[in-house]
Amino acid sequence: MNIDIQTTVTIIFILLLLAGAGILFTAFRAFREARSLRFFLKRRKILGRAWQLIFFAALIITAAFLVNNFAEPMTYHVFEPSPTVTSTPTITLTPTITQTATITLTPTMTETPEFTSTPIMPAVISEGFTSEITPNPESVFSDIKFSRRITGWNLPIDPNVKFDQPNTTIYGSFSYDQMITGSQWSAIWFRDGELINYESIPWNGVSGGNGYTDITLPSDEWLPGFYEVQIFVGDSWKMSGSFEVLGAPPTPTLTMTATITLTPTETVVNTATISPTETPKPSETPQPTFTSTGTQPPTLAATELPTQTLTITPTATRRSTIFR
């Protein structure tokens with residue numbers, strides 16, 4: 001019988017809980033027995049033993065929860081997950097479609113489910129591959145568990161297959177083995193058979209461990225229906241998982257109040273600044289033009305005597321022009 005790491009951790013957790021419960025039961029019996037004793041020394045001795053049992057029970061129960069939360073991730077760091085985790089040919093349950101053979105006796109019709117049951121990489125996504133490293137065809141993935149939160153070890157917290165509204169982010173957690181760093185891998189999300197999101201990048205993790213894929217949508221876009229995740233390595237399908245979203249999504253909040261920002265159009269009041277256009281008053285400055293007429297006589301004197309030599313004193317000419 002083969003038992004994987006997860007099953008072993010679960011069994012140890014249950015055994016430790018049972019052991020702690022048994023010790024607590026013994027401690028309570030000791031308390032009851034001490035209550036019925038009349039001798040002080042014996043009663044004190046039994047009470048001391050009862051408190052010791054409670055202390056040991058608390059240690060065992062604490063150890064049980066530590067094992068349940070941390071034993072599996074720490075084990076994966078020492079021992080890589082074995083490919084036996086992918087003993088999930090449960091997807092082959094789909095051959096129930098072969099019941100149609102009762103309608104058509106021809107066996108050729110029963111061959112179609114063998115092709116339709118295996119997901120195919122969409123050409124739109126494969127055309128965008130960027131990795132040039134050949135993926136390992138022997139790589140394996142475990143079942144996908146869905147949750148709203150994950151731990152620091154990429155383990156799901158409160159996994160479920162049905163989620164009520166509202167939702168924002170859903171994580172799909174899985175374990176993997178024999179992956180090659182840099183090889184192309186893809187996680188494709190569908191809702192009722194319709195593609196809604198995908199990620200297709202070169203693998204940036206180690207060869208084995210725990211991983212996840214996630215999808216984040218606005219709460220009003222989480223429509224009720226069946227959601228499916230398909231994981232591919234290169235063009236090869238490796239694993240699928242599905243969950244259901246129940247209930248109508250919440251209605252979006254009314255953000256139409258933003259239209260109130262139209263009020264700044266009232267700034268047209270600034271057009272009142274047209275009043276400064278009255279400044280044309282300074283145009284009356286043409287008055288200084290009268291002073292220019294007084295300068296005409298000197299200019300006439302300069303033009304009338306262009307032939308005079310420099311020996312003529314300018315004072316004599318100025319006196320004559322002034323008297324004129």
Side-chain angles (χ1 to χ4, degrees), residues 85-104 109-129 139-150 154-176 184-201 210-255:
V85 178
T86 59
S87 58
T88 56
T90 54
I91 300 176
T92 55
L93 293 175
T94 52
T96 54
I97 301 174
T98 55
Q99 292 178 357
T100 55
T102 56
I103 300 174
T104 57
M109 298 296 293
T110 59
E111 293 179 359
T112 53
E114 297 180 3
F115 297 96
T116 57
S117 62
T118 302
I120 300 175
M121 167 65 69
V124 177
I125 301 176
S126 61
E127 291 175 355
F129 284 178
S139 57
V140 291
F141 285 75
S142 67
D143 290 338
I144 305 173
K145 297 182 179 180
F146 298 95
S147 62
R148 289 192 176 99
R149 296 181 300 154
I150 58 175
N154 297 333
L155 296 176
I157 299 176
D158 298 330
N160 207 338
V161 294
K162 293 184 178 182
F163 297 93
D164 296 323
Q165 301 285 3
N167 296 294
T168 54
T169 301
I170 298 295
Y171 296 89
S173 303
F174 51 81
S175 60
Y176 59 90
Q184 193 82 22
W185 85 289
S186 306
I188 308 174
W189 295 74
F190 296 90
R191 177 177 58 230
D192 294 332
E194 180 182 358
L195 177 65
I196 59 174
N197 191 25
Y198 71 90
E199 58 175 334
S200 181
I201 57 175
N210 295 316
Y212 73 92
T213 178
D214 66 304
I215 181 174
T216 300
L217 297 174
S219 57
D220 57 335
E221 293 185 12
W222 279 101
L223 303 178
F226 290 93
Y227 291 72
E228 182 183 10
V229 180
Q230 298 176 0
I231 295 179
F232 291 82
V233 176
D235 291 326
S236 301
W237 169 80
K238 294 298 180 180
M239 185 55 59
S240 294
S242 61
F243 62 94
E244 184 179 4
V245 173
L246 305 176
T251 57
T253 56
L254 297 175
T255 56

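Positions are given from 1 along the sequence.
S147 and I157 make their closest contact through CB-O, 3.3 Å (heavy atoms, listed as atom of the first residue, atom of the second, distance). Taking both residues in full, the closest heavy atoms of Q184 and S200 are given as NE2-OG, 3.0 Å, listed atom of the first, atom of the second, then distance. Shown here for I170 and W189, the closest heavy-atom pair between the two residues is O-CH2, 3.8 Å. The two residues S173 and I150 come nearest to each other via the heavy atoms OG-CG2, 3.5 Å. Nearest heavy atoms, M239 versus S142: CG-O, 3.3 Å. Of all heavy-atom pairs between M121 and S126, the closest is CG-CB, 3.8 Å.
Distance check: K145 NZ to N160 CG gives 12.0 Å after rounding to the nearest 0.5 Å. Summarising the geometry, atom CG belonging to D220 is positioned 9.5 Å from atom CD belonging to Q165; distances are rounded to the nearest 0.5 Å. With rounding to the nearest 0.5 Å, the separation of CG in D214 from CZ in F146 is 11.5 Å. Of the inter-residue distances, the one linking F141 atom CZ with S240 atom OG reads 12.0 Å to the nearest 0.5 angstrom. To the nearest 0.5 angstrom, N154 atom CG is 11.0 Å from S175 atom OG. Rounding to the nearest 0.5 angstrom, the gap separating the CH2 atom in W185 from the CZ atom in F129 is 12.0 Å.
For S219, the side chain to side chain contact (heavy atoms under 4.5 Å, CB included) partners at least two apart in sequence or on another chain are P250.
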In a table with atom names and distances, give each donor-acceptor pair under 3.5 Å that connects a side chain of residues 221-231 to protein atoms at least two apart or in another chain.
residue, atom, partner, partner atom, Å
W222, NE1, N167, O, 3.3
W222, NE1, T168, O, 3.2
W222, NE1, L217, O, 3.4
Y227, OH, R191, NH1, 3.4
Y227, OH, L223, N, 3.3
Y227, OH, L223, O, 2.6

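Enclosure of atom OH in Y212 is not indicated, since only 12 or fewer non-hydrogen atoms of other residues, nucleotides or ligands lie within 6.0 angstrom. In D158, the CG atom is not crowded: 12 or fewer heavy atoms of neighbouring residues, nucleotides or ligands sit closer than 6.0 Å.
Panel note: side chain K162, backbone L246; no donor-acceptor pair is recorded below 3.5 Å.
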